[in-house]
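A short write-up of the structure that comes next.
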Amino acid sequence: MKLYNIKSIACIAFMGLALTSCDDYLDRPTEDGYDTSNYYSNDAQCRAGVNYLYNSPWYDFMRGFFKVGEVMSGNYYMGSSPYLTFTLDGSDQDLANMSASLWAVNTHATTVYNNIKNATGASEAVKNATMGECLTWKAFAYFYLVRSFGAVPIIHNPADVINSQQASNVRKAKISNVYDYIIKILEEAIRLLPEKDPTNNGRIDKYCAKALLAKVYLTKAGFSEANTTYNPGTYSYTICTAHQRNADDLAKAAQLALDVIENSGRQLMESYPDIFRGENNVCDEALISWAWTMGSHWTCQNSFHCDLSIEGFDENGDCWGGWGGPSVDLQDAFNENALSLSRQNVDDRRKATLMMAGDVYDYFYADCGGFEMVKFCYGGYADAGHPGPDQWESPTGACEVKHLYGNNADHARFYGSPAGRMASALYTHLLRLADVYLIYCEAAMGNSTSSSDPKVLDIFYQVRHRSVKGYQYPTSITWEDIWKERRLELACEGDRWYDFVRRYYYDPQGAINELKGQRRNGYNGLNDLYKTYYESGAFTVDPSKHNYDTNAAAPNVTDRSFTLPLPSADIDYDKYLMEEPEEFDVSSISF
């Protein structure tokens, strides 16, 4: 959050592109280097002024987004990472960057909103639409903040705090207040936004904001302030006992989700793997995305490829993610086994999420006729400039798929130019239509443990049948069916930990027990096993050499695990951040 070092980091007037790394709590765009009254004077300038909110302020959240969303949740293995072992503390740099980025989004979105609101010259329709986009991003930032850090300050207009020199005196608001604040922001965004993005270029419209609001209500439904104990002197809170979710909130989530499903005009894409390919950066399935670009301004680009791909996967010398990989526990959920070459492949989502021995991808290395994992690791594609690492790196037997673009030729096919070092233009989908389908199913089920409602069954069937072609229409589904389906559908998309947080709200022991019971470690002997297979064609598992490593202790998951620690520098600067949160009057907020 970094309250203590406020600096200018952006020049919104020039299309919001002059942005450096967003690393300060109350960072705000420069307003003294240009005259904002001369900008936002027409429709094109208003839209251009919002564009950078789709990428740059979020850049420093990328690592936290994946480490929290996937490593903490048990979907992804990263060695001795404190996110894997639940030993995270406030000194962690990725955590500090994550927090700073989210607060930067709040400040930038607010500043652009105010500039557009006070501008003259643009049409009312475009002013409303772009202000609605700003508010949606502001709400999304707060949604991540409250689910990550619990009670946080509500800073509606950061400029007021900066100008009054009160940055070191902000108090946290109660979690329930933060959810009410997010809802109020999104309701205003929905009022302003058009029914459909008139540019057809992936901008946020009314139904995108409604989808996010549905997700907020589903999450809020489980939280009970009366059932929560805040822990003064720490950053954490404790849910006292399991309890029923709020029926009114569930009903609102179901109503909003169904509105999006039936009235937005959007459809699930026919092919699940296609959702994450460059040609579908903008598609029906993607409701809200980080819209990365290749430009001269650092932080507008996607760098996931570097942290998640195996050594040598691209030509830019920036791949260092091979020693991690999708977890054994996630493979178990897909009914797959790295100690076998007999792939089930009954669920299209598995291969689109987990790259395993025996897999071949036609959308990676298309200029080489496709990409085959074992061949690359031991033989490489030297003629195409890809020698390979000459070893199997991933201890789990699986590698990432969704956030990778392939090689430079693959990138150029969709974007017209090769990727750069730590830079691609592949979008990151944050909220997808399939998520909304599953939100509806869970919310419509209410506090029941199962449902045979025809509409619930039909919507669930559409999600599962798309990827599991042999799936038969169900006669009923359970909460556990939806819980697992969310994991399979949204795996490695930065969402799973937040499912655990919202489950912890109303079923704390259930969330803790599932995390403790996961297989979060790697295998022994995979490199020997796969290398022998590549060289001789023999795939012979010796259980004494090739086995799951059971030596790692179960993660120490406790009530405090569901609140991320606040960055140490923020606590040093603002003593009130460690105090019990105060009631915040959300009705005082105006737009």
Side-chain angles (χ1 to χ4, degrees), residues 55 59 62 66 201-202 269-283 285-286 289-322 324-326 348 351-394 398-429 492-493 534:
N55 47 56
Y59 182 80
M62 275 198 287
F66 201 85
N201 199 33
M269 289 188 65
E270 183 176 346
S271 170
Y272 181 86
D274 286 352
I275 300 167
F276 310 98
R277 307 278 55 86
E279 68 267 35
N280 294 309
N281 271 354
V282 177
C283 62
E285 185 90 8
S289 304
W290 286 331
W292 306 111
T293 65
M294 293 284 291
S296 59
H297 301 283
W298 189 258
T299 73
C300 67
Q301 82 281 9
N302 185 347
S303 296
F304 274 125
H305 185 93
C306 307
D307 283 350
L308 302 176
S309 58
I310 56 180
E311 181 185 346
F313 191 62
D314 68 23
E315 301 94 324
N316 302 309
D318 58 356
C319 300
W320 43 74
D348 290 344
K351 187 178 173 184
T353 308
L354 317 175
M355 186 187 301
M356 303 181 72
D359 287 338
V360 179
Y361 292 84
D362 58 2
Y363 48 77
F364 293 143
Y365 285 39
D367 60 328
C368 301
F371 180 86
E372 199 278 310
M373 186 68 179
V374 174
K375 170 179 167 52
F376 174 75
C377 287
Y378 298 107
Y381 293 81
D383 292 344
H386 301 283
D390 198 31
Q391 62 182 325
W392 186 275
E393 295 178 338
S394 169
C399 296
E400 178 62 27
V401 179
K402 284 182 177 176
H403 299 281
L404 310 189
Y405 59 79
N407 62 14
N408 278 340
D410 295 325
H411 192 277
R413 272 190 298 139
F414 303 119
Y415 308 116
S417 64
R421 181 171 173 80
M422 296 184 65
S424 85
L426 181 66
Y427 283 19
T428 304
H429 303 317
C492 297
E493 296 180 47
Y534 175 74

Inset, instruction - Show the numbers, then the answer: is there a side-chain contact (heavy atoms from CB on, under 4.5 Å) between Asn280 and Phe414? - result: CA-CA 9 Å; Asn280 294 309; Phe414 303 119; over 6 Å; no

Legend entry - For Ala398 against Pro326, the heavy-atom pair lying closest together: O-CD, 3.5 Å

Inset, instruction - Check whether any side-chain N or O of Glu285 sits under 3.5 Å from a backbone N or O of Met269 as a donor-acceptor pair, and report yes or no. - result: yes

Inset, instruction - Could you grab the distance from atom CD of Glu311 to atom SG of Cys319, nearest 0.5 Å is fine? - result: 8.5 Å

Inset, instruction - Tell me, with the steps shown, if Phe364 and Glu372 meet side-chain contact (heavy atoms from CB on, under 4.5 Å). - result: CA-CA 9 Å; Phe364 293 143; Glu372 199 278 310; over 6 Å; no

Inset, instruction - Indicate yes or no: at least one non-hydrogen side-chain atom of Tyr427 is less than 4.5 angstrom from one of Trp290. - result: no

Legend entry - Any side-chain heavy-atom pair of Asn316 and Asn408 under 4.5 Å: yes

Legend entry - Reported CG-to-OG distance for the pair Asp318 and Ser303, which is rounded to 0.5 angstrom: 8.0 Å

Legend entry - Donor-acceptor contact present, side-chain Asn281 to main-chain Ala425, <3.5 Å: yes

Inset, instruction - Find out whether Thr299 and Asn55 are in side-chain contact, i.e. whether some heavy atom of one side chain is under 4.5 Å from a heavy atom of the other. - result: no

Inset, instruction - Might you work through the side-chain contact (heavy atoms from CB on, under 4.5 Å) test for Gln301 and Thr293, ending with a clear yes or no? - result: CA-CA 5 Å; Gln301 82 281 9; Thr293 65; over 6 Å; no

Legend entry - Close side-chain approach of Val360 to Tyr365, heavy-atom, < 4.5 Å: no

Inset, instruction - Using the six-membered ring wherever Trp is involved, compare the ring planes of His411 and Tyr405 and label them parallel, tilted or perpendicular (cut-offs 30° and 60°). - result: perpendicular

Inset, instruction - Please round to the nearest 0.5 Å and tell me the distance separating atom CG of Leu404 and atom CG of Leu308. - result: 6.5 Å

Legend entry - Side chain to side chain, Leu426 and His305, heavy atoms closer than 4.5 Å: no

Inset, instruction - To the nearest 0.5 Å, tell me how far Asp410 CG sits from Ser424 OG. - result: 11.5 Å

Inset, instruction - Mark yes or no for whether Ser417, through its side chain, and Ala412, through its backbone, hold a donor-acceptor pair below 3.5 Å. - result: no

Legend entry - Taking every non-hydrogen atom, the tightest pair across His429 and Ala286: ND1-CB, 3.3 Å

Legend entry - Phe66 side chain reached by Cys492 side chain, heavy atoms, under 4.5 Å: yes

Legend entry - Exercise: do Asp307 and Trp320 side chains pair donor with acceptor under 3.5 Å: yes

Inset, instruction - Taking all non-hydrogen atoms of both residues into account, name the closest pair between Cys377 and Ile310 and its distance. - result: SG-CD1, 4.3 Å

Legend entry - Trp292 side chain near Cys300 side chain, heavy-atom distance below 4.5 Å: no

Legend entry - CA sep, side-chain torsions, deciding dist, call: Trp392, Met373, side-chain contact (heavy atoms from CB on, under 4.5 Å): CA-CA 9 Å; Trp392 186 275; Met373 186 68 179; 3.5 Å; yes

Legend entry - Reported SG-to-CD1 distance for the pair Cys283 and Ile275, which is rounded to 0.5 angstrom: 6.5 Å

Inset, instruction - May I ask you to test the Met62-Phe304 pair for a side-chain heavy-atom distance under 4.5 Å? - result: yes

Legend entry - Counterpart residues, side-chain contact (heavy atoms from CB on, under 4.5 Å), relative to Asp359 (two or more places apart): Arg343, Arg350, Lys351, Met356, Tyr361

Inset, instruction - Any chance you could lay out the ring-ring contact (aromatic ring centres under 6.0 Å, His included) test for Tyr381 and Phe313, step after step, and finish with the verdict? - result: CA-CA 10 Å; Tyr381 293 81; Phe313 191 62; 9.7 Å; no

Inset, instruction - Using a strict 4.0 Å threshold on nitrogen-to-oxygen distance, state whether Asp274 and Arg277 make a salt bridge. - result: no

Inset, instruction - With rounding to the nearest 0.5 Å, note down the distance linking NZ in Lys402 to CG in Leu354. - result: 9.0 Å

